[in-house]
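A short worksheet on the structure shown next.
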Amino acid sequence: MDPENHVVRLCVRGMGAEARGEEDEARRLFLQAWDEVTDDYEACIAAHYVARHQTTPQDTLRWNRECLDRADRVGDERVRGFYASLYANMGRAHRELGEMTAAHAYFMRAAERVRDIPEGEYGVWNRFAIAEGLRETAAPSVVGDAPECREGTEPVRASPTELLSGLLTKLCERNELKALGLILPAFLGDLGTEEDRVRLRSALHMVHAARWLPAEEQAALEAAITALAETEADRASVAG
């Protein structure tokens, strides 16, 4: 973004106010930026920040949609790196409204645009946020006590995410930093691509081979590795 642009300067001042905890001042500056936009590009930037200071999920969604619509109108390289974040914001807004199907669809679209984000901490943060959104809005894989369950039906197997979440909770409780240091980056950044799954499998196999964990956690790790392999086999079967 052009640091000399008037709307950008107002938004930078607003972010400074946010960092100081001056929420009212930040909101005022972002609204001033919105009032003084001169084109769709500036409107896209201002709407993004205005959305952050809404008091209801409905208004947050409305401003995020305004931001996305303005980016679509711009439609050039200036906004290419925005889309992963814009789609993720739409996903979060729909998630807050309990609209999980719509939310998941937007997180999927965000995942498809991650490569457009410049490398660095901002890109890593977005990847983790999108991966979290995908996990939280995915359709449940365990039926559990749902009314549809009947005696004699085959239980639905736990997903790799569910198995790993339980294991990671235990590792955090024990402050098992070596295992966490290997697994967490791959787990938190998993967007479901083959590249991401290879990274996650490699991390799990390294921890498993190191034999750092107690027997119970080692068994949980094996179960997660097996579930991940079965999931990949299922995908390959469907694709074939």
Side-chain angles (χ1 to χ4, degrees), residues 1-3 8 11-12 14-16 18-21 26 30 44-45 47-49 51-53 60 64 67-68 71 77-96 100 103-138 159-173 175-207 210 221 224-225 228 231-232:
M1 292 185 287
D2 179 6
V8 172
C11 290
V12 169
M15 287 188 286
E18 283 181 333
R20 296 189 299 271
F30 294 143
C44 172
I45 295 170
H48 167 74
Y49 291 105
R52 289 172 20 171
H53 289 266
T60 301
N64 280 320
C67 179
L68 181 58
E77 286 297 310
R78 290 177 296 169
V79 297
R80 180 178 178 182
F82 292 1
Y83 275 97
S85 178
L86 301 189
Y87 288 141
N89 289 339
M90 290 291 291
R92 281 191 287 268
H94 279 289
R95 182 178 60 190
E96 286 297 311
M100 296 302 179
H104 192 74
Y106 274 110
F107 283 122
M108 289 288 290
R109 295 177 74 178
E112 293 170 356
R113 300 301 296 266
V114 162
R115 293 186 183 277
D116 293 334
I117 304 176
E119 293 184 3
E121 293 181 358
Y122 178 71
V124 172
W125 182 88
N126 269 282
R127 170 177 282 273
F128 285 1
I130 294 165
E132 179 185 46
L134 288 171
R135 290 193 298 271
E136 292 185 351
T137 59
S159 71
T161 296
E162 291 157 343
L163 292 168
L164 282 173
S165 295
L167 175 61
L168 289 170
T169 297
K170 293 179 181 179
L171 296 179
C172 288
E173 290 171 349
N175 203 28
E176 180 58 69
L177 297 182
K178 289 189 296 182
L180 287 169
L182 281 171
I183 298 173
L184 272 179
F187 176 75
L188 294 178
D190 180 14
L191 300 178
T193 66
E194 178 58 27
E195 180 182 352
D196 289 341
R197 289 306 170 98
V198 168
R199 186 181 299 113
L200 180 57
R201 288 199 303 270
S202 297
L204 297 180
H205 280 294
M206 281 190 287
V207 175
L221 182 57
I225 292 172
L228 189 60
T231 299
E232 293 304 305

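A quick note: this is a predicted structure, and the numbers were derived from the prediction, not measured.
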Inter-residue atom distance Phe187.CZ - Thr161.OG1, 0.5 Å rounding:
5.5 Å
Closest contact, heavy atoms only, His104 versus Thr137
ND1-OG1, 2.9 Å
Give a yes or no on whether Met108 atom CE has more than 12 heavy-atom contacts from other residues, nucleotides or ligands under 6.0 Å away.
no
Salt bridge (charged side-chain N to carboxylate O under 4.0 Å, His left out), that's the test. Do Glu77 and Arg80 meet it? Break it down for me.
CA-CA 5 Å; Glu77 286 297 310; Arg80 180 178 178 182; 3.7 Å; yes
Tell me the closest heavy-atom pair linking Ala224 and Leu164, and the distance in Å.
CB-CD2, 3.8 Å
Looking at NZ of Lys178 and CG of Leu171, how far apart are the two atoms once the value is rounded to the nearest 0.5 Å?
12.0 Å
Counterpart residues, side-chain contact (heavy atoms from CB on, under 4.5 Å), relative to Glu96 (two or more places apart):
Pro57
Nearest-0.5 Å distance, CG of residue Leu191 to CZ of residue Phe107
11.5 Å
Give me the atom names and distance for the closest heavy-atom approach of Leu182 to Ala203.
O-CB, 3.4 Å
Tell me the closest heavy-atom pair linking Ile225 and His205, and the distance in Å.
CG2-CE1, 3.6 Å
Would the distance check show the side chain of Arg199 and the main-chain N or O of Ala186 forming a donor-acceptor pair, the cut-off being under 3.5 Å?
no
Once rounded to the nearest 0.5 Å, what's the spacing between atom NZ of Lys170 and atom CG of Leu180?
13.5 Å
What residues, two or more places apart in sequence or in another chain, satisfy side-chain contact (heavy atoms from CB on, under 4.5 Å) together with Arg52?
Met15, Glu18, His48, Tyr49
Taking C-beta and beyond as the side chain, do Asn89 and Cys67 meet within less than 4.5 Å on heavy atoms?
no
Between Tyr83 and Arg113, a side-chain donor and acceptor under 3.5 Å:
no
For Glu136, all residues meeting side-chain contact (heavy atoms from CB on, under 4.5 Å), sequence neighbours excluded
Arg95, Glu132
Using a strict threshold of under 4.0 Å (side-chain N to carboxylate O), is an ion pair present between Arg197 and Glu194?
no
Between Asn64 and Tyr106, is a side chain to side chain contact (heavy atoms under 4.5 Å, CB included) present by the stated rule, with each step listed?
CA-CA 12 Å; Asn64 280 320; Tyr106 274 110; over 6 Å; no
Report yes if some heavy atom in the side chain of Val124 is under 4.5 Å from a heavy atom in the side chain of Arg127; otherwise report no.
no
Nearest 0.5 Å, what's the CG-CG distance between Asp116 and Asn126?
11.5 Å
Restricting to non-hydrogen atoms, name the atom on Ile117 and the atom on Gly123 that form the minimum distance, rounded to 0.1 Å.
CG2-CA, 3.6 Å
Determine the minimum heavy-atom distance between Val207 and Ala179, stating which atoms define it.
CG1-CB, 4.0 Å
Measuring from atom CG of Leu228 to atom CG of Asp190, what distance do you get when rounded to the nearest 0.5 angstrom?
8.0 Å
